[in-house]
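Below is one structure, written out as structure tokens; comments come after it.
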Amino acid sequence: MRLDDFDPNINVEDQRGQGSGFGGFGGGGGGGGLLFAFLPLIFNRFGCLGVAVVVGLFFLFSGGLQFADTGGTGGTRAPTEASRTAGGTDVRSSCTLDASSKVACNAFSSADKTWAAIFQQQGQRFVAPKLVFYSGNGQSGCGAAQSAMGPFYCPGDRGIYLDTSFFQELSQRFGAPGDFAQDYVIAHEFGHHIQNLMGISDRVTRLQRSSNEAQGNRLSVMLELQADCFAGVWAAQNRDRMDPDDLQEGMTAAKAIGDDTLQRETQGRVMPDSFTHGTSEQRMTWLKRGIDSGDYRQCDTFAGAI
């Protein structure tokens, strides 16, 4: 996707070089694997604080030696070069620290401008989020940030948190290369910010508190699929900047991170009641709906079948 260089006035925070610098990924078995399987549920039901408590207890009692990754490759991942390198000191230095940082900033800046314009057209007040880089371990307004959580949005401080090593894993481990696949990651997390501004996230959280586990998971799926659709809306609003291969790159990425695909690869079986993000088919469908319509009002995953 041919995006302009980032606006130097975007809100960027850089925590790289401040943490312990190990990614914490480990083998597919044992306590780490079980913990990772439940992280999405814990995050969606109790937020970053809940994840931070569980992760903290895990590190306390297990020595922090393992964290299962979605690839199940085994072993402990060595510190990446990014985790050993100090982050930037301002927007420009943070966003140009490496190629992945620039991709993230360009996509974030574009989403910021796009959604600000949409809100203005609707006569609504837009509040920009912040983009936070970290490596291995970081700190968010919702508690600890861990690479094992993947990119995430914290409503507590309106921050989109990213360890840019995820982009490499998206390409190599999940088989979803391309700049649009990376843009989709940022646009999806930006979609969660839009849900926060619209009050959708709060309504879902209230419903989940009075729901059983299966119902709570289904609400989480609806929330995630809507964020996928919002990502598609952003892409549609910038359709003139899309390359011919971008749509396929987005579909490949959405397919790769569907709950059924990930469970089949990591556990060898699929458990629909435990889905928290949606199947590969659902994620592709709602991303494409956003791209095809360009209208966020077409992204109501809470009305009818998903």
Side-chain angles (χ1 to χ4, degrees), residues 10-16 19 23-25 36 39-40 42-44 47-48 51-52 55 67 69-71 80 82-83 87 94-95 97-112 129-174 176-196 201 220 223-228 230-231 234 249-250 253-254 256-259 262 276-278 283 287:
I10 57 175
N11 190 358
V12 176
E13 180 181 319
D14 203 333
Q15 299 181 10
R16 289 174 291 193
F25 286 158
F36 184 80
L39 276 181
I42 296 169
F43 179 73
N44 282 292
C48 291
V51 172
V55 169
F67 241 154
D69 66 4
T70 52
T80 62
S83 69
S94 293
C95 289
L97 187 66
D98 53 35
S100 294
S101 299
K102 188 170 184 181
V103 168
C105 286
N106 288 353
F108 178 87
S109 181
S110 175
D112 192 53
K130 64 179 178 178
L131 175 63
V132 184
F133 292 114
Y134 71 98
S135 54
N137 301 280
Q139 190 67 30
S140 78
C142 300
Q146 298 283 338
S147 291
M149 296 165 61
F152 68 92
Y153 172 74
C154 170
D157 62 6
R158 293 172 176 156
I160 294 172
Y161 285 78
L162 174 70
D163 182 334
T164 55
S165 65
F166 180 79
F167 286 165
Q168 182 178 0
E169 295 197 22
L170 185 64
S171 174
Q172 297 181 359
R173 183 165 297 165
F174 298 132
D179 58 350
F180 188 79
Q182 298 173 3
D183 296 339
Y184 160 52
V185 170
I186 301 298
H188 173 91
E189 300 306 331
F190 212 105
H192 284 311
H193 177 63
I194 300 306
Q195 292 171 323
N196 188 28
S201 302
S220 174
L223 198 69
E224 295 296 333
L225 294 179
Q226 186 178 60
D228 280 336
F230 283 170
W234 161 76
E249 289 176 2
I257 55 179
D259 283 326
L262 292 177
T276 57
H277 286 66
R283 300 201 71 167
L287 174 61

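Both backbone and side-chain heavy atoms feed into the values below; hydrogens, waters and symmetry mates do not. Residues take their numbers from the sequence shown, with the count starting at 1.
No donor-acceptor pair under 3.5 Å is formed between the side chain of Asp183 and the backbone N or O of Ala107. Checking side-chain atoms of Arg16 against main-chain N and O of Ser94 turns up a donor-acceptor pair under 3.5 Å. Formation of a donor-acceptor pair under 3.5 Å by the Gln182 side chain with backbone atoms of Val103 is not found in this model. Without hydrogens or angle criteria, Glu13 side chain to Lys130 main chain gives no donor-acceptor distance under 3.5 Å. A distance-only check finds a donor-acceptor pair linking the side chain of Tyr134 to the backbone of Gln146 [under 3.5 Å]. In this structure, the side chain of Asp228 does not engage the main chain of Leu287 through any donor-acceptor pair within 3.5 Å.
When every heavy atom of Thr276 is checked against every heavy atom of Ser220, the shortest pair comes out as O-OG, 2.8 Å. Considering every non-hydrogen atom in both Phe133 and Ser101, the closest pair reads CZ-O, 3.8 Å.
Taken from CD in Glu224 to NE2 in His192, the straight-line distance is 3.5 Å, to the nearest 0.5 Å. Distance check: His193 NE2 to Glu189 CD gives 12.5 Å after rounding to the nearest 0.5 Å. The structure places OH of Tyr153 at 13.5 Å from CD1 of Ile186, a figure rounded to the nearest 0.5 Å.
Counting only heavy atoms from C-beta outward, the side chains of Cys95 and Val12 approach each other to under 4.5 Å. With a 4.5 Å cut-off on side-chain heavy atoms, Gln15 and Val132 count as touching.
With no hydrogens or angles considered, no side-chain donor-acceptor pair links Asp98 and Ser100 at under 3.5 Å.
If you look at Phe190 and Phe230, their ring centroids are not closer than 6.0 Å.
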